[in-house]
Asker: 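Please see the structure below; I have some questions.
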Amino acid sequence: MQEIKVAVVSLGCAKNLVDSETMLGLLNEEGFTLTTDPEKAHVIIINTCGFIDAAKEESIAKILEMAAYKEKNCRLLLAAGCMAQRFADELLDELPEVDGLFGTNDVHGAAAAIRRGLDGEKVSFTQGEFAGRDDAPRLLSTPSHTAYLKIAEGCDNRCTYCAIPAIRGPYQSRDYQAVVSEAQSLAAGGVKELNLIAQDITLYGTDRSGKPQLPKLLGELAAIGGVHWIRLLYAYPERLDQQIIEAVAREEKVCKYLDLPLQHGSDKILRRMGRKTTADKILKLIEKLRREVPGIVLRSSFIAGFPGEEEEEFGEMLAFLKEAQLDRVGFFAYSREEGTPAAAYPNQVPAEVKEERVRRAVALQSSISEKKQQQLVGKTVTAMVDGSSAQDPSILLARSYMQAPEVDGYIRIQNSNKKAQKGDLLPVTITGFDGYDLLT
């Protein structure tokens with residue numbers, strides 16, 4: 001067989017990254033040669049994101065950028081992932097550069113898509129539900145000491161602004177033993193930090209056994225030798241029950257860190273979003289978490305400019321942020337997503353108002369986060385080394401339990417120990433901060 005070199009370009013969230021890593025593992029298993037250089041690739045796959053407008057624009061720009069390589073070695077350009085799943089017909093009709101596509105639930109069909117595409121077929125695989133191998137191999141693209149561990153596919157929450165259930169299908173927990181086995185394999189390969197991801201990790205196991213299995217899973221993952229940190233991302237507050245809270249408090253390896261997608265602080269807007277909670281319930285949950293899990297760090301995301309959000313409701317969101325005193329928050333202007341209930345709501349907020357509200361929310365949260373950073377000065381924490389700074393190799397970049405990969409900044413270790421390796425755990429004393437980065 002003639003050697004076929006394949007490059008995979010991954011866009012979007014960590015869940016997409018895991019799909020790309022699975023794709024790489026399967027293609028390697030099928031005998032394809034993998035390359036990170038698109039100039040050398042015979043096949044380029046772009047794993048697209050289609051979550052919000054900015055992500056769709058980035059995906060289209062990347063497709064057009066990669067299409068330029070068709071003038072060189074590239075014989076086949078395939079689109080994969082969320083945007084391919086959601087807008088298959090439009091992509092094939094409006095972007096002739098795309099030779100075929102497959103969706104989020106067809107990652108396991110990448111090899112077949114390549115072979116059929118090279119034979120001249122314009123493939124379009126977009127099945128509605130995930131049906132791949134639960135024991136599929138992965139080739140990590142993250143640093144060797146840290147990895148994402150996807151524990152479920154799809155979503156059942158049906159928030160009115162979100163297209164994810166339509167893209168990725170209903171919630172499907174991965175087989176319990178398959179998750180544990182993958183974690184054991186990752187640890188055997190040198191992974192020290194497991195970052196658990198799903199659209200909603202709190203639901204894990206309910207579709208299979210009728211009851212949540214996350215607390216049990218955390219105990220089993222914590223027993224794996226070599227794993228030092230287990231981090232929980234995307235835990236919906238509506239289902240963050242006492243058992244999960246106790247597991248986070250009890251298990252030493254579980255980082256005292258939670259990513260809670262809260263989205264707003266106005267009851268009116270929360271109802272319109274389809275969220276099954278209130279601002280007061282969320283504030284009581286935050287108080288409970290801080291009481292029962294000392295030192296816990298809380299991260300969240302909020303949407304500004306949701307349809308029907310007047311200055312009063314936005315003011316309620318700002319008041320919520322002041323009271324909640326969250327450690328880190330990402331803000332997004334509402335994106336009107338085709339096919340979602342919120343897209344048809346009246347009283348859509350003008351773009352310039354949405355952006356202005358994002359700026360005001362960021363300014364408020366920045367002042368809160370700065371005070372949080374100031375409180376860390378003088379404290380000694382355990383940090384995991386991620387590597388040297390590209391700008392200054394004498395500086396080590398590390399993270400504490402308070403900092404998730406890619407989103408929460410680094411601890412910059414000055415006059416670094418040259419013997420420190422990626423994944424090493426070091427005690428460091430914080431002497432200052434620069435934005436979201438901490439300094440030693």
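If you read the sequence from its start, that first residue is 1, and numbering goes on from there. It should be emphasised that the depicted structure is a prediction, and the values quoted were computed from it without experimental measurement.
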Asker: Would you say the side-chain atoms of Asn47 pair up with the backbone N or O of Asn16, donor to acceptor, closer than 3.5 Å?
Answerer: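 Yes, because the side chain of Asn47 sits within donor-acceptor range (under 3.5 Å) of the backbone of Asn16.
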Asker: Would you indicate whether Lys422, at its atom NZ, is surrounded by more than 12 heavy atoms from other residues, nucleotides or ligands within a distance under 6.0 Å?
Answerer: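 It does not: Lys422 NZ has 12 such atoms or fewer within range.
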Asker: Contact between Tyr69 and Leu77 at the side-chain level, heavy atoms closer than 4.5 Å - yes or no?
Answerer: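 No, too far: nothing below the 4.5 Å cut-off.
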Asker: Please find the pair of heavy atoms, one from Met66 and one from Pro38, that lie closest to each other, and give the distance.
Answerer: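 In this case the closest contact between Met66 and Pro38 is SD-CB, 3.9 Å.
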Asker: Using only atom types and a distance under 3.5 Å, with no angle test, would you say the side chain of Tyr204 pairs donor to acceptor with the backbone of Leu217?
Answerer: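 No; zero donor-acceptor contacts below 3.5 Å.
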Asker: Taking atom CD of Glu90 as the centre, does the number of heavy atoms from other residues, nucleotides or ligands within less than 6.0 Å exceed 12?
Answerer: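 Yes, CD of Glu90 has more than 12 neighbouring heavy atoms, counting only those of other groups under 6.0 Å.
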Asker: Flag the pair Val227 / Leu221 as yes when at least one side-chain heavy-atom distance between them is below 4.5 Å, and no otherwise.
Answerer: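 No; the side chains remain at least 4.5 Å from each other.
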Asker: Can you tell me how far the CD atom of Glu182 sits from the OG1 atom of Thr22, to the nearest 0.5 Å?
Answerer: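 The CD atom of Glu182 sits 7.0 Å away from the OG1 atom of Thr22.
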Asker: Any side-chain hydrogen bond (donor to acceptor under 3.5 Å, both in side chains) involving residues 208-218? Give me the pairs, sequence neighbours left out, ordered by first then second residue.
Answerer: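 Residue pairs with at least one partner in residues 208-218: there are none.
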Asker: Measure the spacing between OG1 of Thr429 and NZ of Lys379 and express it to the nearest 0.5 Å.
Answerer: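 The OG1 atom of Thr429 sits 12.5 Å away from the NZ atom of Lys379.
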Asker: At their closest point, which heavy atom of Thr340 faces which heavy atom of Ala163, and how far apart are they?
Answerer: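 Distance-wise, the nearest heavy atoms are CG2-N, 3.9 Å.
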Asker: Are any of the side-chain nitrogens in Asp37 or Lys5 under 4.0 Å away from the carboxylate oxygens of its partner?
Answerer: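 Salt bridge between Asp37 and Lys5, a charged N being under 4.0 Å from a carboxylate O: no.
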Asker: If you measure from SG on Cys13 to CD on Gln199, what distance do you get to the nearest 0.5 Å?
Answerer: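 If I round to the nearest 0.5 Å, the distance is 6.5 Å.
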Asker: Do NZ/NE/NH1/NH2 and the carboxylate oxygens of Glu287 and Lys284 come within less than 4.0 Å?
Answerer: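 A salt bridge is absent here (no side-chain N lies under 4.0 Å from a carboxylate O).
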Asker: How far does CD1 of Ile368 sit from CD of Glu323, to the nearest 0.5 angstrom?
Answerer: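 Going from CD1 on Ile368 over to CD on Glu323, the span is 11.0 Å.
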Asker: Give a yes or no on whether Gln177 atom CD has more than 12 heavy-atom contacts from other residues, nucleotides or ligands under 6.0 Å away.
Answerer: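 Atom CD in Gln177 is crowded, with more than 12 foreign heavy atoms closer than 6.0 Å.
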Asker: Donor-acceptor check, side chain of Asn73 to backbone of His42, threshold 3.5 angstrom: yes or no?
Answerer: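 Not confirmed, Asn73 side chain does not pair with His42 backbone.
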Asker: Answer yes or no: are there more than 12 heavy-atom neighbours, outside Glu252 itself, under 6.0 Å from its atom CD?
Answerer: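 No - once you tally the heavy atoms of other residues, nucleotides and ligands closer than 6.0 Å, there are 12 at most.
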Asker: Ignoring hydrogens and angles, write down the donor-acceptor pairs under 3.5 Å from the side chains of residues 295-305, residues two or more places apart or on other chains.
Answerer:
unit_1 : atom_1 : unit_2 : atom_2 : d
Arg299 : NH1    : Asp408 : OD1    : 2.7
Ser300 : OG     : Leu260 : O      : 2.4
Ser300 : OG     : Leu262 : N      : 3.1

Asker: Can you establish whether the number of heavy atoms outside Lys122 located under 6.0 Å from its atom NZ is more than 12?
Answerer: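 More than 12 within 6.0 Å, yes.
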Asker: What's the spacing between Glu97 CD and Ile44 CD1 if we round to 0.5 Å?
Answerer: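 Atom-to-atom, Glu97:CD and Ile44:CD1 are 12.5 Å apart.
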Asker: Is it true that a side-chain atom of Lys354 and a backbone atom of Ala333 form a donor plus acceptor pair closer than 3.5 Å?
Answerer: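 No, the answer is negative, given that no donor and acceptor are paired below the 3.5 Å cut-off.
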Asker: Step by step, would you call Gln242 with Lys288 a side-chain hydrogen bond (donor to acceptor under 3.5 Å, both in side chains)?
Answerer: CA-CA 10 Å; Gln242 185 63 29; Lys288 179 183 180 70; 2.7 Å; yes
Asker: Ser59 and Thr48: side-chain donor and acceptor closer than 3.5 Å?
Answerer: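 Absent: no donor and acceptor within the cut-off.
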Asker: For the residue pair Leu27 and Ile114, establish whether any side-chain heavy-atom pair is separated by less than 4.5 Å.
Answerer: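 They are in contact (side-chain heavy atoms under 4.5 Å apart), so the answer is yes.
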Asker: Looking at Glu337 and Arg86, does any basic side-chain N land under 4.0 Å from a carboxylate oxygen?
Answerer: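 Looking at Glu337 and Arg86, the cut-off is met.
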Asker: Looking only at heavy atoms, which two atoms of Pro237 and Pro261 are closest? And how far apart?
Answerer: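 Scanning both residues, the minimum pair turns out to be CD-O, 4.0 Å.
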Asker: Please check if the side chain of Arg75 supplies one atom and the backbone of Leu118 the other of a donor-acceptor pair under 3.5 Å.
Answerer: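 It does not hold such a pair.
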Asker: For residues Ala198 and Lys15, report the shortest heavy-atom separation together with the two atoms involved.
Answerer: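 Taking every non-hydrogen atom into account, C-CD, 3.8 Å.
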Asker: Nearest heavy-atom pair of Thr35 and Ala41: which atoms, and what distance?
Answerer: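 Looking at all heavy atoms of both residues, the shortest contact is CG2-CB, 3.9 Å.
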Asker: What are the two closest heavy atoms between Val358 and Phe331, and how far apart are they?
Answerer: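 What the structure gives for the nearest pair is CG1-CB, 4.2 Å.
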Asker: Output yes when a side-chain donor or acceptor of Glu29 lies under 3.5 Å from a complementary backbone atom of Ala136, and no otherwise.
Answerer: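 No.
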Asker: Test Arg239 against Thr206 for side chain to side chain contact (heavy atoms under 4.5 Å, CB included), laying out the working first.
Answerer: CA-CA 11 Å; Arg239 282 182 289 273; Thr206 54; over 6 Å; no
Asker: From the options Leu240, Leu218, Thr202, Leu194, select the one residue that forms a side chain to side chain contact (heavy atoms under 4.5 Å, CB included) with Leu232.
Answerer: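 When side chain to side chain contact (heavy atoms under 4.5 Å, CB included) is applied between Leu232 and each of Leu240, Leu218, Thr202, Leu194, only Leu218 qualifies.
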Asker: Indicate yes or no for a side-chain donor-acceptor contact from Arg412 to the backbone of Leu439 under 3.5 Å, with no hydrogens or angles considered.
Answerer: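 No.
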Asker: Given Gln403 and Leu438, is the side chain to side chain contact (heavy atoms under 4.5 Å, CB included) satisfied, shown in steps?
Answerer: CA-CA 10 Å; Gln403 296 163 300; Leu438 296 168; 4.2 Å; yes
Asker: Mind checking the CG-CG spacing from Leu203 to Leu214? Nearest 0.5 Å is all I need.
Answerer: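 Leu203 CG to Leu214 CG: 10.0 Å, rounded to 0.5 Å.
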Asker: Could you check whether any side-chain N or O of Asp424 sits under 3.5 Å from a backbone N or O of Val385, counting only pairs where one atom can act as donor and the other as acceptor?
Answerer: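 No.
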Asker: Does any pair with a residue in residues 222-236 pass side-chain hydrogen bond (donor to acceptor under 3.5 Å, both in side chains), and if so which ones, sequence neighbours excluded?
Answerer: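 Passing the test, one end in residues 222-236: Glu193-Arg231, Asn195-Arg231.
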Asker: Check for a donor-acceptor pair, side chain of Tyr345 on one end and backbone N or O of Arg272 on the other, with a separation under 3.5 Å.
Answerer: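 Yes, the answer is positive, given that a donor and an acceptor are paired below the 3.5 Å cut-off.
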Asker: Run the side chain to side chain contact (heavy atoms under 4.5 Å, CB included) check on Ile230 and Leu196 step by step: do they pass?
Answerer: CA-CA 7 Å; Ile230 300 165; Leu196 271 57; 3.8 Å; yes
Asker: I would like to know whether Leu139 and Glu21 meet side chain to side chain contact (heavy atoms under 4.5 Å, CB included); could you show each step before the answer?
Answerer: CA-CA 5 Å; Leu139 290 182; Glu21 292 173 344; 5.7 Å; no
Asker: Please check if the side chain of His145 supplies one atom and the backbone of Gln421 the other of a donor-acceptor pair under 3.5 Å.
Answerer: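 Not confirmed, His145 side chain does not pair with Gln421 backbone.
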Asker: Are any non-hydrogen side-chain atoms of Thr440 and Leu396 less than 4.5 angstrom apart?
Answerer: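 No - every pair of side-chain heavy atoms lies 4.5 Å or more apart.
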Asker: Quick one: are Glu94 and Phe87 in side-chain contact, heavy atoms under 4.5 Å?
Answerer: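 The answer is no; the side chains never approach within 4.5 Å.
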